[in-house]
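All figures in this text were calculated on a predicted structure; none of them were measured in a lab.
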Protein chains: 2
Amino acid sequence: MLIQTECPTGSIRYRATPHRNVPPICDSASLDTTNLKGFMTSYSEDREIYGAMEETKYLYKVVSGAVRTCRTFKDGRRQIGAFYVPGDVFGIETGDRHTLSAETTAPSKLLLINRSTLVALAARDNAIASQLWMVTALELRKVQNHVLSFAKPARERVAGFIVEMARRLSVSDEVQLPMKRQDIADYLGLTIETVSRSLTSLENIAAVKIQKRRQIVLRDYPALVRLSA
Amino acid sequence: MLIQTECPTGSIRYRATPHRNVPPICDSASLDTTNLKGFMTSYSEDREIYGAMEETKYLYKVVSGAVRTCRTFKDGRRQIGAFYVPGDVFGIETGDRHTLSAETTAPSKLLLINRSTLVALAARDNAIASQLWMVTALELRKVQNHVLSFAKPARERVAGFIVEMARRLSVSDEVQLPMKRQDIADYLGLTIETVSRSLTSLENIAAVKIQKRRQIVLRDYPALVRLSA
DNA sequence: CGACCATTTGATATGGATCAAGCGATGTGG
DNA sequence: CCACATCGCTTGATCCATATCAAATGGTCG
């Protein structure tokens with residue numbers, strides 16, 4: 001069974017549902033952009049959308065492709081804060097500077113919405129204000145889950161990552177990962193080697209099958225959920 | 001120079017300021033509770049305030065003491081999501097269930113504010129709505145910084161933790177930590193032994209002095225900031 | 001003063017990092 | 001359309017930061 005999810009500008013996204021046990025948390029807050037003027041911009045892979053500490057001029061909605069937010073430290077270590085896939089909103093801040101930088105992990109089309117316009121609108125329209133709050137709160141919950149994942153060993157983090165991605169963008173029993181291993185590693189606080197070994201291990205216990213590097217088949221979803229719980 | 005921060009019910013908190021270089025981020029969003037009816041409740045140390053998955057009936061403001069939000073996994077591993085000290089608001093959610101559980105790390109007094117009342121109020125009063133959004137966004141920024149800390153080695157995480165605590169609750173050059181080493185360890189994703197050794201190491205390089213277990217003297221604040229950056 | 005609990009310190013073990021090939025997919029130029 | 005170069009990923013060998021195990025110490029409270 002497929003559910004068609006709302007999407008701002010033509011490009012429709014489908015989401016596979018409850019043959020998996022999705023926990024009963026609301027993860028569907030988004031911004032209704034149908035009545036909002038914004039403009040579309042295209043980016044190739046690995047392009048910076050904005051830098052940390054840059055002014056927050058826009059709020060972004062992913063139409064296609066994928067985005068990472070991250071910070072790179074002086075010594076080269078990088079931590080990825082989150083990934084955003086079609087339908088997701090990012091770049092939302094109440095302060096006037098971004099906390100992290102944002103970059104594409106794949107060729108992407110983004111809808112840019114003027115921040116000050118939106119904030120002004122929210123001041124008059126409670127529905128908009130409420131949506132902004134909801135999106136922020138959803139983001140908060142996502143980041144909290146990310147923090148929780150650091151309590152787990154490598155393979156379980158990777159399992160959790162696959163579960164999350166499956167929930168957010170899988171059609172049927174396959175997940176098409178929109179990022180490189182290095183991105184996954186920097187998101188989970190691991191190295192590419194460890195991510196790779198974890199995937200191999202998950203394949204060995206028949207939880208997944210790696211079909212085409214970035215294409216993962218979910219063989220035993222309950223096992224993945226159990227591992228990452 | 002001391003700044004008196006607003007506090008709901010008598011108990012006033014002071015905060016030492018810019019002899020340290022506080023980065024120019026807004027970290028002062030809070031909820032003005034002066035016109036909100038709520039009720040005060042006292043908790044002794046290590047008491048559960050609410051459990052994960054419990055209904056979100058209240059929003060809480062710390063008047064005195066300190067609170068941790070956390071999740072404990074089946075195998076006993078525990079991850080602390082955040083600490084809350086006097087003036088901080090926690091328990092804010094847009095969903096109707098809490099994501100994490102909340103517990104005191106010290107004897108505490110909390111102001112409980114009815115959630116549905118507040119949400120109803122926010123629907124009519126834009127100032128309240130805006131404050132709720134600001135508090136959520138501030139929380140988001142805090143949790144994002146927490147995620148970033150996982151990219152760093154043990155001693156730097158501990159240094160960062162001290163800096164954060166100093167910013168939030170120090171009077172003068174001392175920090176009175178309102179939690180045990182185990183709490184710090186579970187917040188940073190380390191063991192108590194590693195936290196302890198890191199503290200000893202920071203003492204050896206004359207960055208801090210551990211005066212009374214939970215009382216830390218900031219000897220070289222710039223060094224701490226440098227380490228944790 | 002004595003008992004207990006939190007913390008520190010010491011010795012050893014280990015999960016994941018690092019270093020180093022090898023391999024397979026994807027793209028490019030001839 | 002194929003040979004080859006490149007890049008991303010996997011696999012193997014070794015190392016190290018932090019975990020684990022085990023005392024010893026010190027603070028706190030009855």
**Message:** If I take atom CD1 in residue A:I192 and atom P in nucleotide D:dT11, what distance separates them, rounded to the nearest angstrom?
**Reply:** 13 Å

**Message:** Distance check needed: C:dT8 P versus B:N204 CG, whole Å only.
**Reply:** 12 Å

**Fill in**
Of C:dT8, C:dT7, C:dG16, the nucleotide closest to the side chain of A:T194 is C:dG16

**Item:** Rounded interatomic separation in angstrom, taking CD from A:Q211 and C1' from D:dT10
**Value:** 18 Å

**Complete:** From the candidates D:dT28, C:dT8, D:dC9, the one with an atom nearest any side-chain atom of B:R181 is C:dT8

**Prompt:** Do A:E93 and A:T99 have side-chain N/O donor and acceptor atoms under 3.5 Å apart?
**Reply:** yes

**Complete:** Between the OG atom in A:S170 and the CG atom in A:L177, the distance rounded to the nearest 0.5 Å is 11.0 Å

**Request:** Please check if the side chain of B:K142 supplies one atom and the backbone of B:A82 the other of a donor-acceptor pair under 3.5 Å.
**Result:** no

**For atom CG of A:L199 and atom P of D:dC9, their distance in whole Å** = 10 Å

**Complete:** Against the side chain of B:R197, the closest entry in C:dT7, D:dT20, C:dC19 is D:dT20

**Minimum-distance nucleotide to A:E193 side chain [options: D:dC9, C:dT26, C:dA20]** = C:dA20

**Prompt:** Is A:R213 touching bases, backbone alone, or none of the nucleic acid, heavy atoms closer than 4.0 Å?
**Reply:** base

**Item:** Closest to side chain of B:T191, choosing from C:dT7, D:dT20, C:dA17
**Value:** D:dT20

**Complete:** Of the candidates D:dA19, D:dT20, D:dT28, the side chain of B:L190 sits closest to D:dA19

**Asked** Hey, what's the ring geometry for A:Y60 with A:H98, parallel, tilted or perpendicular (30° and 60° as the breaks)?
**Response** tilted

**Asked** Which one, C:dT8, D:dT10, C:dT26, comes nearest to the side chain of B:T200?
**Response** C:dT8

**Message:** Nearest whole Å is fine: how far is C:dA6 P from B:D186 CG?
**Reply:** 13 Å

